[in-house]
Amino acid sequence: MRKTILAALFAIAPVALSASGAATNVSGDYVEARTAEVFTGGCIMGSEGEAAGREAILAWRVGHGQVNGVALDGLSVVAIVAGDVNLGTHEVGGVAPTTIKAAIRVDDRATAGQRDALVALARTLSPLVRDIVDVKAVPIAFTRDAAHLTVKAGEASMDVATRVDHSPSCGAIQRFTPLARTSQSALGQTMSEAWSGSSLGTQWSMGDKRASFYGAFELK
C-alpha cells in the first residue's frame with residue numbers, strides 16, 4: 001500500500017534538483033540498453049529507422065555523494081523509457097521524439113527522502129525522464145565487474161558486456177551518444193534486455209545487439 005501511494009505521489013508531482021542551495025555532489029556507475037543498435041552500418045540503420053529504438057533502460061548506481069543534501073551512497077535508480085519514434089535518430093538528422101513516457105524503479109532500501117532524491121537525480125541526468133507515469137520501490141541488483149554490468153529492478157533487467165565487436169562491417173560506426181549525461185562512457189554489447197511492465201504501453205525482450213553504453217556519471 002505504501003509503495004502504491006509513493007508511486008501516485010511521484011507521478012503527480014515529479015521532483016527535480018532543488019534550487020534552494022542544498023548540496024549536490026554525487027558520482028557512480030551508469031549503464032543503458034536500447035532496442036536499436038548504437039554502433040552500426042547504414043544497412044541496419046535503414047532497417048531499424050524510426051520503427052526500432054523507441055525504448056531503453058537507463059540505470060544509475062551511486063558510489064557516494066548526495067543530492068539536494070540527501071546522502072545516496074550505494075543506492076540505485078532505474079528509468080525505463082518509451083518514445084513515439086527512435087530515441088536517437090535526431091542526432092543524425094531524423095525526427096526527434098515528441099512524447100516520451102518513463103517508468104521509474106527506485107531502490108527499496110531508500111527512505112522517502114532518498115527516493116525523492118533518486119528521482120531528481122534521474123530527471124537531471126537524462127532529458128528523457130520527463131513524463132513520469134509510474135514509480136515503484138523495488139529491490140535493485142546492480143552489479144559491475146570487468147566483463148559485465150547487470151541490472152535487475154522489478155519488471156526491468158539488462159545484461160551488458162563490456163567487450164563489443166567494433167568491426168566496421170557494413171560501414172559500421174558509432175552513430176549515437178548516451179541518453180544521459182556521463183563523465184565517461186564506452187560502447188557495450190547488450191546480451192539481454194527486458195521490460196515486462198504495463199505502464200508504458202509496450203514491452204520488449206531482446207539481446208545480442210551493439211545497443212548499449214556504460215560508464216560513470218558525476219553531478220555537482
Side-chain angles (χ1 to χ4, degrees), residues 28-40 44-45 47-62 76-91 97 100-107 118 121-122 125-129 134 136 138-166 172-197 199-217:
D29 296 310
Y30 171 73
V31 62
E32 72 178 54
R34 310 188 194 188
T35 56
E37 306 227 60
V38 297
F39 185 89
T40 184
I44 294 178
M45 277 284 291
S47 65
E48 291 186 334
E50 295 180 3
R54 300 182 181 190
E55 305 87 12
I57 301 173
L58 293 65
W60 298 265
R61 179 179 63 180
V62 176
S76 299
V77 58
V78 177
I80 307 94
V81 297
D84 56 344
V85 297
N86 189 301
L87 299 172
T89 51
H90 64 92
E91 294 189 52
I100 303 173
K101 295 181 180 180
I104 304 294
R105 298 295 176 261
V106 291
D107 204 313
L118 288 167
L121 178 67
L125 288 173
S126 177
L128 303 188
V129 184
D134 174 24
K136 291 181 182 178
V138 299
I140 298 180
F142 188 133
T143 63
R144 179 175 183 175
D145 58 31
H148 286 265
L149 293 91
T150 61
V151 177
K152 173 62 179 175
E155 312 98 314
S157 65
M158 58 178 157
D159 177 2
V160 173
T162 58
R163 294 186 63 181
V164 58
D165 175 19
H166 289 79
I173 59 172
Q174 180 181 327
R175 303 274 175 170
F176 307 113
T177 56
L179 297 172
R181 188 192 318 177
T182 61
S183 56
Q184 61 182 39
S185 65
L187 288 163
Q189 180 85 15
T190 304
M191 307 308 294
S192 64
E193 173 194 4
W195 164 249
S196 59
S199 58
L200 298 178
T202 183
Q203 299 176 339
W204 63 92
S205 178
M206 60 184 58
D208 194 24
K209 296 173 72 71
R210 294 178 293 188
S212 301
F213 287 102
Y214 68 94
F217 72 90

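All heavy atoms count here, side chains included; hydrogens, waters and symmetry mates do not.
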For the student: nearest non-hydrogen atoms of [X] and [Y], plus distance:
X      : Y      : answer
Ala59  : Met158 : CB-CE, 3.6 Å
Leu187 : Val164 : O-CG1, 3.8 Å
Leu179 : Ala56  : CD1-CB, 3.7 Å
Ala79  : Val129 : CB-CG2, 3.8 Å
Ala36  : Gly53  : CB-CA, 3.4 Å

| request: Give a yes or no answer on whether the side chain of Ser76 reaches the backbone of Arg61 with a donor-acceptor pair at less than 3.5 Å. | output: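 It does not hold such a pair.
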| Side-chain donor or acceptor of Arg54 paired with backbone N/O of Asp84 under 3.5 Å |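 Such a contact is found between Arg54 side chain and Asp84 backbone.
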| task | Under the ring-ring contact (aromatic ring centres under 6.0 Å, His included) rule, collect the residues that match up with Tyr30, sequence neighbours excluded. | result |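 For Tyr30, the residues satisfying ring-ring contact (aromatic ring centres under 6.0 Å, His included) (neighbours in sequence not counted) are Trp60.
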| Distance from Ile80 atom CD1 to Leu58 atom CG, nearest 0.5 Å? |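 Spacing of CD1 (Ile80) from CG (Leu58) equals 9.0 Å.
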| message | Under the rule for side-chain contact (heavy atoms from CB on, under 4.5 Å), what residues qualify as partners of Ser199, not counting sequence neighbours? | response |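 Result, side-chain contact (heavy atoms from CB on, under 4.5 Å) vs Ser199: Ala103, Val133, Asp134, Trp195.
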| query | Can you list the residues that meet the side-chain contact (heavy atoms from CB on, under 4.5 Å) rule with Thr202, with sequence neighbours excluded? | reply |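 Result, side-chain contact (heavy atoms from CB on, under 4.5 Å) vs Thr202: Glu55, Ala82, Leu200, Trp204.
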| field | Verdict with supporting geometry, Glu155 and Lys136, salt bridge (Lys or Arg N to Asp or Glu O under 4.0 Å) | value | CA-CA 10 Å; Glu155 312 98 314; Lys136 291 181 182 178; 3.3 Å; yes
| field | Counterpart residues, side chain to side chain donor-acceptor pair (under 3.5 Å), relative to Thr190 (two or more places apart) | value |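 In terms of side chain to side chain donor-acceptor pair (under 3.5 Å), with neighbours along the sequence ignored, Thr190 is linked to Ser212.
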| field | With sequence neighbours excluded, residues passing side chain to side chain donor-acceptor pair (under 3.5 Å) with Gln189 | value |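 If we apply the side chain to side chain donor-acceptor pair (under 3.5 Å) test to Gln189, skipping adjacent residues, the hits are Asp208.
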| message | If you count heavy atoms of other groups shown closer than 6.0 angstrom to NZ of Lys101, is the number above 12? | response |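 No, the 6.0 Å shell around NZ holds no more than 12 heavy atoms from other groups.
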Table please: side-chain donor-acceptor pairs of residues 140-151 below 3.5 Å, with sequence neighbours left out.
residue	atom	partner	partner atom	Å
Thr143	OG1	Thr150	OG1	2.3
Arg144	NH1	Asp29	OD1	2.9
Arg144	NH1	Gly215	O	3.2
Asp145	OD1	Ala147	N	2.9
Asp145	OD1	His148	N	2.8
His148	ND1	Asp159	OD1	2.7

| message | Can you list everything that forms a salt bridge (Lys or Arg N to Asp or Glu O under 4.0 Å) with Arg34? Sequence neighbours excluded, please. | response |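 Residues passing salt bridge (Lys or Arg N to Asp or Glu O under 4.0 Å) with Arg34: Glu32.
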